[in-house]
Participant: 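Below you will find the structure I want to go over with you.
When reading the values below, keep in mind they use all heavy atoms of this one structure, side chains included, and skip hydrogens, waters and symmetry mates. This is a predicted model, so every value here is computed, not measured. Along the sequence shown, residues carry numbers from 1. Indexing begins at 1, ligand by ligand and atom by atom, following the structure's order.
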Amino acid sequence: MQSITRELEQRLTVALRACFGDAAEGVDPMLRPTQDPSFGDYQANFAMALARTLKQKPRDVAEAVVERLDVADLCGPPQVAGPGFINLTLLPAAAGRRLQAIPPAARDGLDRVGIDPTPAPAVVAIDMSSPNLAKEMHVGHLRSTIIGDCIARMLEFEGHHVHRINHVGDWGTQFGMLIEHLRRTHPDVLNDPEHLRLGDLESFYVQAKQRFDADEEFATAARRAVVDLQSGDPATLAVWRAFCEESLRHCHEIYERLDIRVEDRGESFYNDLLPRIVDDLARVGLAVESDGAMCVFLDGFRNREGEPLPMIIRKSDGGYNYDTTDLAALRHRIEALGATRLLYVVGLPQKQHFDMLFAAARKAGWAGDKVELTHIGFGSMLAASGKMFKTREGGTVKLKHLLDEAVERARNVLEANEQDPEKKRGLAPEQMQVIAETVGVGAVKYFDLSHALGSDYKFEWDTMLSMDGNTAPYMLYAYARIRSIGREAGVDYAALPPDTPIVLEHESEIRLGKMLLRLPDVIEQAGREYRPNVITEYLFELSKAYNGFYDRKRGVRVKDATPESVRLSRLRLCDLTARTLKLGLHLLGIGTLEQM
Ligand code: ARG
């Protein structure tokens with residue numbers, strides 16, 4: 001299914017050229033879906049800006065273009081409104097034809113709902129999740145993990161080759177303490193690193209830290225371990241590796257539950273590349289010595305006192321920094337992975353770090369004009385009270401516990417429904433567990449992704465688990481219900497003949513049909529602007545349009561509609577709605593249920 005806006009834009013461009021020749025070269029028709037249906041379905045807003053360049057009246061410009069605009073096969077007569085907007089209304093017959101042309105779902109693999117991949121795939125590196133391995137994953141890692149995965153899914157769907165890079169913190173002084181503690185608590189670690197299991201990394205860290213602070217002999221040994229680690233002592237490296245692997249196993253239990261795959265590439269991976277980073281920058285005069293440290297000064301970055309703020313890439317003790325590693329990682333992604341789009345899904349507090357990183361990479365010539373560097377920053381997840389998200393005791397909430405609670409709460413909702421004769425669905429206990437897992441984890445993801453990335457949001461269990469509103473349970477239920485309508489109507493949606501005409505007549509039918517046709521534009525916009533909530537908003541609008549269509553009073557009969565051609569047309573609309581919901585949820589990282 002080609003996007004309608006793309007097609008209308010092309011037609012507008014042709015008309016613009018016919019009217020204004022070279023003066024229309026490169027003019028963006030500025031076509032947008034309208035919010036208010038009384039202005040039609042799409043509105044082109046180019047006339048105001050173009051009129052200024054042409055020194056003409058905007059309305060005259062708009063009218064001249066309408067005169068030459070050839071859209072009769074798609075739209076009713078274009079209307080010029082207000083100062084010079086062009087309003088376009090899709091013809092129901094044209095909308096029906098386009099829906100009918102959507103090919104059936106592929107037998108296996110993802111159903112693309114007729115949307116073609118890009119002809120120009122790029123290699124994309126998305127830096128996401130990236131917890132520090134010294135500790136357990138906590139709620140602070142949730143957003144980067146699920147937003148990063150959603151953006152990866154959108155870009156993959158567009159046809160790009162995506163690396164989800166887990167830039168875990170696996171290096172630094174705190175590992176000395178952990179290595180030493182591990183040696184003493186698990187003396188067999190070197191003989192049998194594979195079988196190392198630490199039940200709880202968080203308390204392991206706390207114990208190591210306590211010992212470090214209280215026991216001078218231990219602290220000296222821990223510092224010694226840092227030196228040994230840095231100088232590459234094989235036995236120390238082996239203990240360190242065993243710890244990191246065990247910590248990564250904990251992370252991957254979470255990723256598995258979230259249905260997320262990442263490529264683990266920790267900070268240590270870049271260690272050997274760090275000296276060259278400093279040398280190369282020094283050679284071109286970008287890195288200079290200041291108080292024994294090597295620094296990169298970049299235009300426009302100043303500290304609170306207004307003095308130039310350097311990026312320190314080698315400390316005076318010879319050690320390297322977070323910045324140095326990120327420079328090496330950036331270069332590696334471009335040079336070794338061949339990535340031309342580098343995205344970093346990291347909280348907004350690190351904005352300045354990325355601004356400086358990108359400025360340095362540009363200045364050094366490591367990222368040329370054709371390489372995109374984007375920090376996709378996001379706000380914090382707050383407790384429902386609006387305060388920091390903490391356990392009752394004031395500790396950080398482990399991600400594992402948050403997900404367990406989500407599933408448990410979802411299960412409680414389902415069980416309560418089973419007690420209610422009106423809502424009872426007669427689910428078997430095993431079925432209930434599968435549903436609870438999908439609904440619980442889906443609710444957490446959907447709720448997060450439905451918020452604008454840039455702002456903080458409050459984590460509210462009741463809202464996200466509600467069966468009503470812009471939530472995962474509601475969307476999952478909408479999907480399952482449409483699937484069951486097919487069963488009740490005695491049709492296999494997948495077997496409906498693809499040449500069954502789709503006829504849009506009733507107002508609610510037209511509205512649903514046009515909403516379905518927005519899908520390619522929605523995916524395109526969400527992917528271009530890195531905004532998952534463009535998808536959640538669309539799914540919510542779509543499900544409302546579907547409810548209007550299926551409603552006894554406001555809508556049309558479906559299962560028992562007559563004649564048969566109308567019944568089949570409406571069942572195909574049901575199927576397309578379900579397919580669209582499924583694809584939308586898939587892009588958010590949420591699987592669907594056939595029954596719920
Ligand atoms: N490990 C870092 C943290 O927990 C996040 C890393 C983000 N990615 C990066 N390339 N700097 O704050």
Participant: My understanding is that only residues two or more places apart in sequence, or in another chain, count here; which of them pass side chain to side chain donor-acceptor pair (under 3.5 Å) with Glu393?
Facilitator: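 With neighbours one apart ignored, the set is empty.
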Participant: Take the angle between the ring planes of His252 and Tyr255 and call it parallel below 30°, perpendicular above 60°, tilted in between.
Facilitator: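 Ring orientation of His252 relative to Tyr255: perpendicular.
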Participant: Write 'none' if nothing qualifies; otherwise put on separate lines each N/O atom of ligand 1 with a protein N/O atom under 3.5 Å away and their distance to 0.1 Å.
Facilitator:
from, atom 1, to, atom 2, distance (Å)
ligand 1, 1 (N), Ser130, O, 2.9
ligand 1, 8 (N), Asp127, OD1, 2.9
ligand 1, 10 (N), Asp127, OD2, 2.8
ligand 1, 10 (N), Asp326, OD1, 2.8
ligand 1, 11 (N), Tyr322, OH, 2.7
ligand 1, 11 (N), Asp326, OD2, 2.7
ligand 1, 12 (O), Gln350, NE2, 3.1

Participant: Give me the atom names and distance for the closest heavy-atom approach of Arg153 to Arg164.
Facilitator: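 Scanning both residues, the minimum pair turns out to be CG-NH2, 3.7 Å.
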Participant: Shortest non-hydrogen contact from Leu465 to Pro473?
Facilitator: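 Between these two residues, the closest heavy atoms are O-CG, 3.6 Å.
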Participant: Does this structure show an ion pair linking Lys400 with Asp200, if we count only N-O contacts that are shorter than 4.0 Å?
Facilitator: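 So Lys400 does not pair with Asp200 through a salt bridge.
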Participant: Of the non-hydrogen atoms in Val534 and Ala526, which two are nearest, and what is the gap between them?
Facilitator: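 Nearest heavy atoms, Val534 then Ala526: CB-CB, 3.9 Å.
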